[in-house]
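So you know, we letter chains A, B, ... as the sequences are listed, proteins then strands, and number each from 1.
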2 protein chains.
Amino acid sequence: MGRWEPNARGRLEEAALALFAERGFEQVTVAEIAGRAGLTERTFYRHFADKREVLFPDSSPLVTGFAAAIEAAPPAAEPMATVAEVLGTVAEFFTGRHAYSRQRTAVIAANAELREREAVKLAWLVDTLAAGLRRRGVAEPAASLAAEAGVAVFKVAHAQWVAEPEPRDLGELMRRALIELKSLTGAG
Amino acid sequence: MGRWEPNARGRLEEAALALFAERGFEQVTVAEIAGRAGLTERTFYRHFADKREVLFPDSSPLVTGFAAAIEAAPPAAEPMATVAEVLGTVAEFFTGRHAYSRQRTAVIAANAELREREAVKLAWLVDTLAAGLRRRGVAEPAASLAAEAGVAVFKVAHAQWVAEPEPRDLGELMRRALIELKSLTGAG
DNA sequence: CGGTTGATGTCAGGCACTGACATCACGCCG
DNA sequence: CGGCGTGATGTCAGTGCCTGACATCAACCG
């Protein structure tokens, strides 16, 4: 046995999500989160840069998987084919997490500060995807546009996915959204 | 003469941008901004919800013009044609503001909190544009996807526009970005 | 067995932000 | 003309987020 209970970070994440779901983000202090996890406020800030970050761990499957998916995607002449490949990989990270995703999304939607952090994480996905495409030889502004389009498809499909109480096939929703986008831009 | 100097809000905006450009966002306190404008910290918070908001006024040409442009756009069968129309109107709001836009963009790029606020304002543009398209009979998820695509084009073109010391034609950059996006999605 | 390491605790403090109340020129109304 | 409401601002006290500096102490290592 160690000197402290294990997995302090995970305990803080759990305590925070539970308290936020109960009372709302603003009605919970960092000291309360830490107390519920058996720690102090100061220790909370050794694990997370700020109060919001506890809901957006860099270790999340989405963040870690995203960058890896870009490198792992097979070479393709068409940027959007690579984007579609990455989206398919990303969809897998959400399987079995539908209930959790719904609760987390509800907490975030209820608070402006959290929506702000969510927006910046999505922007990070755009930048990461664009950088990956550039590394594969895609020029600007095509790389940025393809990345924006890909994340837009992800956002729309994910919103549809969490909107329903029963999980549908996220990969299928993404494929359909991508087809819809192609239809929209192709018709002009 | 009034009891107070006029245009307190404008003075606060000017003082803030100047101080942020000099020393960086974090190295400036709200009390300093207010002092430079001849006011107190408390009064600052009567004009702006928080320290960041002084750089993102709701009264900005972009924000006020965007919503109006959607309603003013002529009816069109194709969602992306409406989006293109709105982008054209938006481009006009930036004419003559190139130097100001460059300074403001540099200040924002230098700070994570400000990038966060910027991201949420862009998300607001997406939502506003999508709502406008729905009001014109465009169904989901086409409305959201078209809105995302439109704001993506705006972001990429605006980034190109402020990247160069001499102003180019923002409307032209947007048209080219839109064509590039169509080429990307159409080729898949 | 003594020294080092690393996660945690303790303490003090700055700054963002807010509620409550005071101030006082201006303009309206009698 | 004079009282009186209005509204922008000032003053003050307080909460909570976040940080730096230093202390603690089990586990590990040589």
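Across the protein-nucleic acid pair, B:Tyr45 atom OH and C:dT18 atom P stand 7 Å apart, rounded to whole Å. Protein atom CG of A:Leu114 is 13 Å distant from nucleotide atom P of D:dC17, rounded to whole Å. To the nearest angstrom, P of D:dC18 lies 16 Å from NE2 of A:His47. Straight-line distance from the CG atom of A:Asp50 to the P atom of C:dA16: 16 Å, rounded to whole Å. Between the C1' atom of C:dA16 and the CZ atom of A:Arg52 lies a distance of 12 Å, rounded to the nearest Å. The separation between B:Lys51 atom NZ and C:dC15 atom C1' is 8 Å, rounded to whole Å. As rounded to whole Å, 16 Å separates atom C1' of C:dA16 from atom CG of B:Leu12. Nucleotide D:dG10 holds its P atom 14 Å from the CZ atom of B:Phe44, rounded to whole Å.
Of the candidate nucleotides D:dG10, C:dA16, D:dC17, C:dA16 has the atom nearest to the side chain of B:Glu41. Comparing D:dG10, D:dT9, D:dC17 by their closest approach to the side chain of B:Thr40 singles out D:dG10. With C:dT8, D:dT9, C:dT18 as the candidates, the nucleotide lying closest to the side chain of B:Arg46 is D:dT9. For B:Arg42, counting side-chain heavy atoms from C-beta on, the closest listed nucleotide (D:dT9, C:dT10, D:dT11) is D:dT11.
Residues B:Glu26 and A:Leu39 both approach DNA chain C. Their nearest nucleotides, taken by heavy-atom distance, put A:Leu39 toward the 5′ side.
Proximity of a side-chain donor or acceptor of B:Arg11 to a complementary backbone N or O of B:Glu5 within less than 3.5 Å is detected. Judged by distance alone, with hydrogens and angles left aside, the side-chain atoms of B:Arg134 form no donor-acceptor pair with the main-chain N or O of B:Ala143 at under 3.5 Å.
The aromatic rings of A:Trp161 and A:Phe94 sit perpendicular to each other, their planes meeting at more than 60°, with 30° as the lower class boundary.
Within 4.0 Å of B:Ala8, counting heavy atoms only, lie sugar-phosphate atoms of the nucleic acid but no base atom. The residue A:Ala49 sits close only to the backbone: its heavy atoms come under 4.0 Å of sugar-phosphate atoms, none of a base.
At the phosphate of C:dG9, OP1 or OP2 sits under 4.0 Å from a side-chain N or O atom of A:Thr43.
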Mind running salt bridge (Lys or Arg N to Asp or Glu O under 4.0 Å) on B:Arg36 and B:Glu22 for me, showing each step along the way?
CA-CA 13 Å; B:Arg36 178 148 168 168; B:Glu22 278 175 27; 3.5 Å; yes

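A cation-pi arrangement is absent between B:Arg104 and B:Phe20 under the rule of less than 6.0 angstrom and at most 45 degrees off the ring axis.
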